[in-house]
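Report on the following structure.
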Amino acid sequence: MWEQRAAVAVFTLMVCVWGGVAEDCSYASLFKHLNLNNKTDSQVHLRPVRNWTTPTVVRVNMVVYGIIEVNEKAQTFTFQTWHSTEWKNEFLSWDPKHFCGIIFMEVPRGMMWMPDIFIQEDTSDSGATLYSRHLQLLSDGSVTSMAKGELKAICQMNLYRFPMDVQRCNISFGPFSFFGTAITKLSDGTLLTNLSETYMATDGEWEMTSITVHSGFDAYREIHVPRLKYQITLKRRPMLYIINCILPLFYFLVLDVGTFFISEARGEKLSLKVTLLLSISVLLLILQDILPSTSDQLPLIALYSIIIFSLMALSLVEAMLVSFLIDLDSRTAKPEPAPSCVVTETQMEAPQAEPSEEKPEEEQGEKEGHHDLFLLKLILKEVKSVRQEAPSEVSPGDRKLGFYSRLAVTVDVTFFWVYVISNVLFLIYISTVWISV
């Protein structure tokens, strides 16, 4: 009888223990244990610390997995980001051993206190960010909030080395409240950079090279406000701009140097130079739509275009001056008298024989035939001598140049060498500055 009562008691104890364990294994029992159902508005919105002098440390993580747009004129950039915020609630903790090893649970977002963290450079719409509907709560009281979305932020860009520029943009996290909240990083910049490169979904004009994290304080009316700054380094891929802008300008410059080998006597030289200037004007209009008008320093590509345009305009003025000098020389030169091809009467006169006695008619006819043949030979001899003295075509090298023509040649040769040397020095300088980091 005693053995039966002992067996019943052991069985009842096991049932009670198993029933308690089964009840404690549910999230509902843990939710009830934490007294989350009875939270009043004051308890939800107050900072969860047992001593008000204890600061709530907020740890922030951010990963960039998409570069959507970089607007140089508006000085803004748009990223696709994922960021998490973690802090500790000193009133929400439990022992996992009493709840079947539960170390993690999700709590609705509106039932717990959350830090008022904002991004200082953010200009995007609040609806562009998607927040998780639940907060992740750990057994030690750590709470994590996760969000993802489109982040549009202000970035002061330096476009001096455009299109080989590197931009460094800051994303600063800070609290609205000046007291009781401290911000620090959750992961270092190397880990965030590797994660961003792994999950990067875009491969466009910009390439993200690194993410660095800096913690510090901003002074505001003698109050130190905590700030956590993520500095994102972006590098532009310049190949498209090199093909569309830089190389065409260089080719126009080479063509302008080639116009010096065109003869001044033809009109194609001036027309070609004018066409090249118009082509550069079109490229300058394209650059005007890209570069911001509020830039403090003139970008190198604008300086590159302006100097090439100025050099080609100066080359056009020089070609006009040389053409004017050559025309002036041709107008003031005196025409040389043409060699006379007329045979004088004395040369054509045949030697007359002394008067003699009359001869028969046959001898008279022979004398007249010899006289005509003599005149014909004399004319042929004079024509040959004229051709030898005055050639039909005079080469430009044998032609005697006037004062203005010689001046035009001197100006053209001197300007050519000065023009070529200045272009080479300018291209070496501009390429060195562009390539240098």
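Scope of the values below: all heavy atoms of this structure, side chains included, with no hydrogens, waters or symmetry mates. Note that the coordinates shown come from a computational prediction; the quantities given were computed from them, not determined experimentally.
Applying the salt bridge (Lys or Arg N to Asp or Glu O under 4.0 Å) test to D165 and every residue at least two apart in sequence or in another chain returns R236. Remark: C245 pairs with no residue by the disulfide (SG to SG under 2.5 Å) rule, at least two apart or across chains.
Between F79 and C169 there is no side-chain heavy-atom pair separated by less than 4.5 Å. N71 is listed as a side-chain neighbour of E69, based on a closest heavy-atom distance under 4.5 Å. With a 4.5 Å cut-off on side-chain heavy atoms, W94 and L34 count as touching. Put simply, the side chain of W87 does not reach to within 4.5 Å of the side chain of T144, judged on heavy atoms.
A side-chain donor-acceptor contact under 3.5 Å links T259 and K273.
Side-chain N or O atoms of T202 include none that pairs as donor or acceptor with a backbone N or O of G204 at under 3.5 Å. Checked by atom type and distance alone, the side chain of S93 never pairs as donor or acceptor with a backbone atom of D140 at under 3.5 Å.
Aromatic ring orientation, F99 versus H33: tilted (interplanar angle from 30° to 60°).
Separation of the F173 and Y230 ring centroids falls under the 6.0 Å cut-off. Ring centers of W206 and F77: at least 6.0 Å apart, outside the cut-off.
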- Item | CA sep, side-chain torsions, deciding dist, call: F261, F416, ring-ring contact (aromatic ring centres under 6.0 Å, His included) | CA-CA 10 Å; F261 300 97; F416 171 76; 5.7 Å; yes
- Could you give me the CA-CA distance, side-chain angles and deciding distance for R59 and E86, then say whether salt bridge (charged side-chain N to carboxylate O under 4.0 Å, His left out) is met? CA-CA 5 Å; R59 293 178 289 272; E86 181 179 331; 3.1 Å; yes
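Salt bridge annotation for D203-R237: present, with a cationic side-chain nitrogen under 4.0 angstrom from a carboxylate oxygen.
The minimum heavy-atom distance linking T209 with E197 is given by the pair O-OE2, 3.9 Å.
For the atom pair CG (L30) and CG (L92), the distance works out to 9.5 Å, reported to the nearest 0.5 Å.
Remark: Y429 OH is loosely packed, at most 12 non-hydrogen atoms of other residues, nucleotides or ligands lying under 6.0 Å away.
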